[in-house]
There are 4 protein chains.
Amino acid sequence: MGKKRGQKYEQIIDAAVKVIAKNGYHQSQVSKIAKEAGVADGTIYLYFKNKEDILISLFEEKMGQFVERIKEKMEAETSVEKKLLILIEMHFMQLEMDHDLAIVTQLELRQSNIDIRYKINEVLKGYLTLIDSVIEEGIEKGVFGSNLDLRVTRQLIFGAMDEVVTNWVMKECKYELITLAEPIHRLLLNGMTENT
Amino acid sequence: MGKKRGQKYEQIIDAAVKVIAKNGYHQSQVSKIAKEAGVADGTIYLYFKNKEDILISLFEEKMGQFVERIKEKMEAETSVEKKLLILIEMHFMQLEMDHDLAIVTQLELRQSNIDIRYKINEVLKGYLTLIDSVIEEGIEKGVFGSNLDLRVTRQLIFGAMDEVVTNWVMKECKYELITLAEPIHRLLLNGMTENT
Amino acid sequence: MGKKRGQKYEQIIDAAVKVIAKNGYHQSQVSKIAKEAGVADGTIYLYFKNKEDILISLFEEKMGQFVERIKEKMEAETSVEKKLLILIEMHFMQLEMDHDLAIVTQLELRQSNIDIRYKINEVLKGYLTLIDSVIEEGIEKGVFGSNLDLRVTRQLIFGAMDEVVTNWVMKECKYELITLAEPIHRLLLNGMTENT
Amino acid sequence: MGKKRGQKYEQIIDAAVKVIAKNGYHQSQVSKIAKEAGVADGTIYLYFKNKEDILISLFEEKMGQFVERIKEKMEAETSVEKKLLILIEMHFMQLEMDHDLAIVTQLELRQSNIDIRYKINEVLKGYLTLIDSVIEEGIEKGVFGSNLDLRVTRQLIFGAMDEVVTNWVMKECKYELITLAEPIHRLLLNGMTENT
DNA sequence: AATGAATGAGAGTTCATTCAT
DNA sequence: GATGAATGAACTCTCATTCAT
């Protein structure tokens with residue numbers, strides 16, 4: 001298979017997000033995705049190795065942009081506290097702006113089999129590294145406690161944000177997600193800050 | 001179907017945990033569970049409405065005990081800080097002591113369809129209420145900030161613990177989960193504490 | 001198995017008629033019949049060899065009475081024409097008086113497998129013989145044409161009555177079946193009568 | 001599903017007739033039909049909604065041709081008496097020429113559940129209408145009695161033919177069905193004719 | 001490159017019958 | 001005689017993937 005890309009590649013991924021968000025993971029057959037993308041079933045296999053590959057590519061594609069945007073915004077800030085706030089706000093805001101994507105990443109994609117979930121975790125590493133960088137910078141600058149466990153802290157931050165977003169999706173996105181960024185930020189920052 | 005219970009009922013649930021942990025959700029056919037439980041396929045249906053019902057009952061059963069044990073331990077404590085520590089330690093300890101159950105609850109059961117996941121969330125409510133009670137007690141006693149958002153704080157605590165456990169399971173339970181209870185407790189407590 | 005009979009034997013047969021008429025052949029499980037009869041599933045097998053045996057016995061039992069009643073009424077008559085009318089009227093009347101039985105014999109029992117249908121046909125022979133006797137008497141007495149083919153004529157009579165009843169049952173017994181006895185009688189009699 | 005038709009569509013229907021005639025209704029699994037038709041199991045579902053749909057389509061298809069052929073032959077005749085004879089002869093002849101089809105329509109298809117039987121009855125309406133047209137023409141022309149009840153007469157004719165054919169099939173088609181057309185015709189015609 | 005008809009493996013569930021009590 | 005818990009064989013339909021056109 002060629003190195004992907006092309007207009008149809010994007011079409012198919014966007015169709016997949018739409019179809020999965022609407023019909024749920026288990027009701028999103030390849031033929032449905034193909035129909036939504038306006039291509040034949042067989043064409044899918046010119047751009048993706050198999051169905052699994054669509055899902056992983058989808059996550060790579062969307063997550064790549066997701067992280068990139070957060071990175072950009074964060075670089076404009078110097079204070080670690082602000083950087084963390086940006087991270088949380090951007091995390092929430094991006095998912096709030098694309099309900100379909102939020103449904104897919106928080107609920108539907110998690111129904112995939114373990115293999116895919118391990119691969120998705122691989123993709124997530126880029127994001128976790130970004131979180132790590134904030135923590136490390138905070139420790140270096142003495143803003144956070146020097147005895148912070150990097151892994152545990154990273155899991156705290158990611159786990160909290162993820163849980164908040166998942167709850168929001170399961171409540172059918174009925175409230176404004178972004179308003180929860182500040183309280184979460186306060187709790188996390190408070191937790192990580194060295195307070196004598 | 002009678003109101004369940006009975007020796008076979010337990011047998012089947014335990015077999016389901018074992019089979020799912022070993023073979024994964026999608027490779028755990030009813031016939032496999034029946035074989036492991038030492039009963040005929042049809043017998044399953046004398047105790048459970050369908051396959052989905054096994055999974056939900058499994059979660060109810062195990063989660064009920066899980067929460068009950070934490071409750072008991074917590075009641076023996078008076079300090080809110082200690083109660084939170086007990087909660088986290090018991091959460092980690094119980095899953096560390098039953099790897100199969102941990103695999104099933106953290107990874108496999110989440111692959112089930114949305115309907116089951118909503119039902120599982122219903123069962124989880126009992127646990128979330130327990131978490132709420134700690135937060136509320138902390139606020140009342142002035143240990144935690146009075147401006148804590150109950151929902152967000154609950155999601156912070158649960159999300160963090162869940163993420164920590166899931167990571168541990170995905171790393172094949174290679175390290176000691178219980179050692180992470182203390183750092184998580186410190187971060188959370190720190191985050192929630194009123195510090196002038 | 002003993003030679004059947006006994007109160008429970010009747011109970012089970014009546015329960016079978018009721019259950020099959022209400023739920024249809026394919027939704028009439030042995031357990032349902034047992035419940036309606038007020039006995040345990042296993043008890044059924046003390047009175048009947050298997051499920052098939054219930055159906056055949058049911059047909060034997062009900063058909064025996066059915067034919068017997070017609071015979072009695074017919075013997076009170078001397079004219080062949082009247083005897084044929086009695087036959088048709090009694091056929092219709094008895095089924096009209098027991099809708100459940102009509103549903104079972106006309107629709108549901110015919111869904112059984114071929115083996116049962118052959119056995120049912122055996123039971124029917126007694127009735128067909130009765131029809132034959134009327135035809136033969138008519139020929140002897142010179143009322144019917146002497147060149148009547150016995151088999152064909154019997155099939156004509158039975159086929160016509162059966163079709164009329166089946167149509168009535170499929171139209172949910174909405175009209176009076178007995179009113180059709182006279183026109184059918186006239187047609188059949190007319191057809192069989194020697195007319196120079 | 002496209003609007004059916006196509007070579008495979010016919011193949012599958014013919015295979016179904018063959019398989020059902022040979023193995024009986026309840027022993028005619030989809031896989032058996034597929035094998036006989038020389039297609040994969042899944043292919044069946046490209047042409048039919050489900051197994052039930054095969055049976056109904058089979059009946060529609062065969063019955064459509066069946067009626068059409070009778071119609072054509074009848075139109076070549078002018079006398080009502082001859083038309084009725086044609087009807088009976090063609091009815092018998094067509095089934096005699098296709099034993100498999102006769103077995104399927106007279107015995108096997110009747111074992112299907114009530115839903116299918118009602119649908120089959122719908123298909124039969126076309127044939128019953130054809131019978132009606134003969135009766136009505138006979139009445140108009142004064143050949144038949146003017147006081148004939150259309151419904152009852154139709155049921156007489158159809159019931160008689162059906163019974164004759166069913167008996168022939170149950171006797172394993174051992175005698176010549178066509179020879180019974182004349183006596184049945186004579187009986188029916190005689191029955192319907194106005195005779196002062 | 002694009003198509004879409006064809007493939008065929010795979011599993012949850014029912015229910016007639018048995019037999020230990 | 002009566003019970004009813006336990007058995008286990010049996011079958012339709014879906015859908016990811018292929019490949020001839």
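In the text below, chain A, chain B and the rest are named by the order of the sequence lines, each starting its count at 1.
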Say whether, by atom type as modelled, one donor and one acceptor occur between the side chain of [X] and the main chain of [Y] under 3.5 angstrom.
| X | Y | answer |
| --- | --- | --- |
| D:Thr105 | D:Leu101 | yes |
| C:Arg117 | C:Asn113 | no |
| C:Arg110 | D:Gln111 | no |

| task | Apply side chain to side chain contact (heavy atoms under 4.5 Å, CB included) to D:Val39 and D:Tyr47, showing your working. | result | CA-CA 11 Å; D:Val39 300; D:Tyr47 293 89; over 6 Å; no
Picking from [options], which would you name as closest to the side chain of [X]?
| X | options | value |
| --- | --- | --- |
| D:Lys51 | F:dT12, E:dG12, E:dA6 | F:dT12 |
| A:Ala40 | E:dT7, E:dT17, E:dT3 | E:dT3 |
| C:Asp41 | E:dG12, F:dG4, E:dG8 | F:dG4 |
| C:Leu46 | F:dG4, F:dT3, E:dA9 | F:dT3 |

Quick one about A:Asn23 and A:Gln29 (side-chain donor to acceptor, distance below 3.5 Å, no hydrogens or angles considered), yes or no?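 Short answer, no.
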Value in whole Å for how far the [atom2] atom of [N] lies from [atom1] of [X]:
| X | N | atom1 | atom2 | result |
| --- | --- | --- | --- | --- |
| D:Ile12 | E:dA5 | CD1 | C1' | 12 Å |
| D:Asp53 | F:dC13 | CG | C1' | 14 Å |
| D:Ile44 | F:dC11 | CD1 | C1' | 14 Å |
| A:Leu55 | F:dA16 | CG | P | 10 Å |
| D:Ile33 | F:dC13 | CD1 | C1' | 14 Å |
| B:Tyr45 | F:dA9 | OH | P | 16 Å |
| C:Tyr25 | E:dA16 | OH | C1' | 12 Å |
| D:His26 | E:dT14 | NE2 | P | 19 Å |

Does any part of the side chain of C:Leu55, heavy atoms only, come nearer than 4.5 Å to the side chain of C:Ile20, both counted from C-beta?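 Yes - at least one pair of side-chain heavy atoms lies under 4.5 Å apart.
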Contact class for B:Val30 (heavy atom, under 4.0 Å): base, sugar-phosphate, or nothing?
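If one applies the 4.0 Å heavy-atom cut-off, B:Val30 turns out to touch a base.
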Under 4.0 Å: is that the gap between some side-chain N or O of [X] and OP1 or OP2 of [N]?
| X | N | result |
| --- | --- | --- |
| C:Ser31 | E:dC15 | no |
| B:Lys32 | E:dA11 | no |
| C:Gln27 | E:dT14 | no |
| B:Tyr47 | F:dA5 | no |
| C:Lys8 | F:dG1 | no |

Salt bridge (charged side-chain N to carboxylate O under 4.0 Å, His left out), that's the test. Do D:Lys119 and D:Glu52 meet it? Break it down for me. CA-CA 10 Å; D:Lys119 282 176 187 160; D:Glu52 183 170 307; 3.3 Å; yes
message: Reading DNA chain F from 5' onward, which residue's closest nucleotide shows up sooner: C:Gly42 or D:Asn50?
response: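 Comparing both residues, the 5'-ward one is C:Gly42.
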*Residue mapping more 5' on DNA chain F - nearest nucleotide basis, C:Thr43 or D:Thr43*: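 Nearer the 5' end of the strand: C:Thr43.
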Intra- and inter-strand pairing of DNA chain E, written as dot-bracket with Watson-Crick and G-U pairs under 3.5 Å and | for the latter, reads .||||||||||||||||||||
Name all pairs fulfilling the salt bridge (charged side-chain N to carboxylate O under 4.0 Å, His left out) condition that reach into residues 11-34 of chain C, sequence neighbours left out, sorted by first residue then second.
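Found C:Asp14-C:Lys62, C:Lys18-C:Glu36.
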